[in-house]
A.B. asks: 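Take a look at this one; I'll ask things after.
If you're wondering where the values come from, they're calculated on a predicted model, not measured in any experiment.
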Amino acid sequence: MTQELRDGRRARGDESRRVILAHAIDAASVDGLEGLTIGRLADAAGHSKSGVATLFGSKEQLQLATVAAARDVFVERVVAPARAESERGLSRVCALISSWLAYSSGRVFRGGCFFAATSVEFDSRPGPVRDAVMAASTAWEDYLTASIEHAMAAGELPGLDDARQLTFEIVSFLEAANTRSLLHGSAEPYDRAATALRARLLSLGADADAVSRIGGTHAEVPHL
């Protein structure tokens, strides 16, 4: 009976943590990680302040847990679909671009890409939270670079000699589209980013049919 009670409490605690973190990621995408407070999250998630404080301890621990949860969502919404629907190489690169565009334009979080927002917030603030944000962003860029390198090895990008350079360009276009869409409440920046990235890949000798799968979005993007 004692073990059952412990298991029940743990299950309830895990579910409370999941619900609170979902609210935290969404709020941080708009107001930043520094804008997170125990009180606001307690109200949003329908929990007591003491309960939220017990689950996370300190504001920094809450911020770190939020970054980790956002990273899990990013993998689920961007990386996993691309891996499921494509082979390694150029097809994977195009799928990753498309799934990122869908993730940002679909407003998985109200503030668009969580990491685009928090990278700006913490780029000049040394500490564990900045390290966590940087680690997540680096992991994404490393995976994208590895996919580009597979395409290079397969001869699918004959005009490319620096995978990291292309990663930088892709990420720059994607994050610019995210920022401009949020600012103007428009989906057009995603279409323009898709057009620019298709053109860039074609200039490197990519197959036109593969590149044509990179799509923008025609979704209605609301103002915040």
Side-chain angles (χ1 to χ4, degrees), residues 22 25-26 29 67-119 132-160 162-182 187 189-219 221:
I25 301 168
D26 193 55
S29 72
V67 173
R71 182 173 180 172
D72 289 342
V73 173
F74 184 89
V75 171
E76 177 187 345
R77 299 300 291 264
V78 177
V79 178
R83 292 185 65 177
E85 68 186 36
S86 64
E87 300 293 329
R88 286 182 173 181
L90 179 61
S91 177
R92 179 69 49 81
V93 174
C94 295
L96 286 168
I97 293 171
S98 292
S99 59
W100 196 102
L101 288 167
Y103 151 80
S104 178
S105 67
R107 297 297 186 257
V108 173
F109 308 122
R110 283 180 297 141
C113 177
F114 174 91
F115 291 103
T118 54
S119 293
V133 171
M134 184 171 64
S137 297
T138 299
W140 154 239
E141 293 183 18
D142 285 348
Y143 185 74
L144 181 56
T145 299
S147 299
I148 293 169
E149 289 171 343
H150 280 294
M152 293 172 66
E156 295 176 308
L157 293 170
L160 181 64
D162 185 346
R164 285 284 176 188
Q165 176 62 31
L166 182 57
T167 293
F168 181 85
E169 293 173 22
I170 291 171
V171 171
S172 296
F173 276 119
L174 294 178
E175 293 189 352
N178 179 83
T179 299
R180 287 176 177 271
S181 175
L182 289 166
Y190 296 112
D191 294 321
R192 293 198 177 278
T195 297
L197 290 171
R198 286 194 298 267
R200 179 63 177 127
L201 291 171
L202 288 172
S203 76
L204 295 170
D207 177 73
D209 286 340
V211 170
S212 69
R213 296 169 192 161
I214 297 175
T217 174
H218 301 288
V221 177

A.B. asks: With sequence neighbours excluded, tell me which residues meet salt bridge (Lys or Arg N to Asp or Glu O under 4.0 Å) with R192.
C.D. replies: E188

A.B. asks: Do N178 side-chain atoms and C113 backbone N/O form a donor-acceptor pair below 3.5 Å?
C.D. replies: yes

A.B. asks: Sequence neighbours left out, what passes side-chain hydrogen bond (donor to acceptor under 3.5 Å, both in side chains) with E169? Give chain and number order.
C.D. replies: Q165, R200

A.B. asks: Working note: V108 + I25, criterion side chain to side chain contact (heavy atoms under 4.5 Å, CB included); need CA distance, chi angles, decisive distance, verdict.
C.D. replies: CA-CA 10 Å; V108 173; I25 301 168; over 6 Å; no

A.B. asks: State the CH2-CG distance between W140 and L96, to the nearest 0.5 angstrom.
C.D. replies: 5.0 Å

A.B. asks: Please assess S181 against R107 for the test side chain to side chain donor-acceptor pair (under 3.5 Å), listing each intermediate value before the final yes or no.
C.D. replies: CA-CA 11 Å; S181 175; R107 297 297 186 257; 2.9 Å; yes

A.B. asks: Considering non-hydrogen atoms only, spot the tightest contact between P81 and V75 and give its length.
C.D. replies: CD-O, 4.1 Å

A.B. asks: Begin from the C-alpha positions of L201 and C94 and carry the test side chain to side chain contact (heavy atoms under 4.5 Å, CB included) through to its verdict.
C.D. replies: CA-CA 9 Å; L201 291 171; C94 295; 4.2 Å; yes

A.B. asks: Measure across G205 and P158 and return the closest heavy-atom pair with its distance rounded to 0.1 Å.
C.D. replies: O-CD, 3.7 Å

A.B. asks: Roughly how far, to the nearest 0.5 Å, is the CG atom of L197 from the OG atom of S98?
C.D. replies: 9.5 Å

A.B. asks: In the structure I gave you, are the side-chain heavy atoms of V93 and L157 within less than 4.5 Å of one another anywhere?
C.D. replies: no

A.B. asks: Provide the closest heavy-atom pair for F115 versus A136 in the form atom of the first, atom of the second, distance.
C.D. replies: CE2-CB, 3.4 Å

A.B. asks: For the backbone of S91 and the side chain of R213, can you confirm whether one donor and one acceptor N or O come within less than 3.5 Å of each other?
C.D. replies: no

A.B. asks: Kindly compute the distance separating CG (L101) from CD1 (I214), expressed to the nearest 0.5 Å.
C.D. replies: 8.0 Å

A.B. asks: So which atom in M152 and which in A163 form the shortest heavy-atom distance, rounded to 0.1 Å?
C.D. replies: SD-CB, 3.8 Å

A.B. asks: Quick one: closest heavy-atom pair of A95 and E85, and the distance?
C.D. replies: CB-OE2, 3.8 Å

A.B. asks: Please confirm whether the backbone N or O of A176 pairs with a side-chain atom of T179, one donor and one acceptor, at under 3.5 Å?
C.D. replies: no

A.B. asks: Can you name the residues that form a side-chain hydrogen bond (donor to acceptor under 3.5 Å, both in side chains) with D142, not counting sequence neighbours?
C.D. replies: R164

A.B. asks: Could you go through F74 and F114, starting from their C-alpha distance and side-chain angles, then the distance that decides it, and tell me whether this counts as side chain to side chain contact (heavy atoms under 4.5 Å, CB included)?
C.D. replies: CA-CA 9 Å; F74 184 89; F114 174 91; over 6 Å; no

A.B. asks: Working to the nearest 0.5 angstrom, can you tell me the gap between S137 OG and R71 CZ?
C.D. replies: 9.0 Å

A.B. asks: Does F168 offer a backbone N or O that forms a donor-acceptor pair with the side chain of S172 under 3.5 Å?
C.D. replies: yes

A.B. asks: Are a donor atom and an acceptor atom from the side chains of R92 and S86 found within less than 3.5 Å of each other?
C.D. replies: yes

A.B. asks: Stepwise, does the side chain to side chain contact (heavy atoms under 4.5 Å, CB included) test hold for I170 with I148?
C.D. replies: CA-CA 11 Å; I170 291 171; I148 293 169; 4.1 Å; yes

A.B. asks: Identify the heavy atoms of D209 and S212 that sit nearest to each other, and give their distance.
C.D. replies: O-OG, 2.6 Å

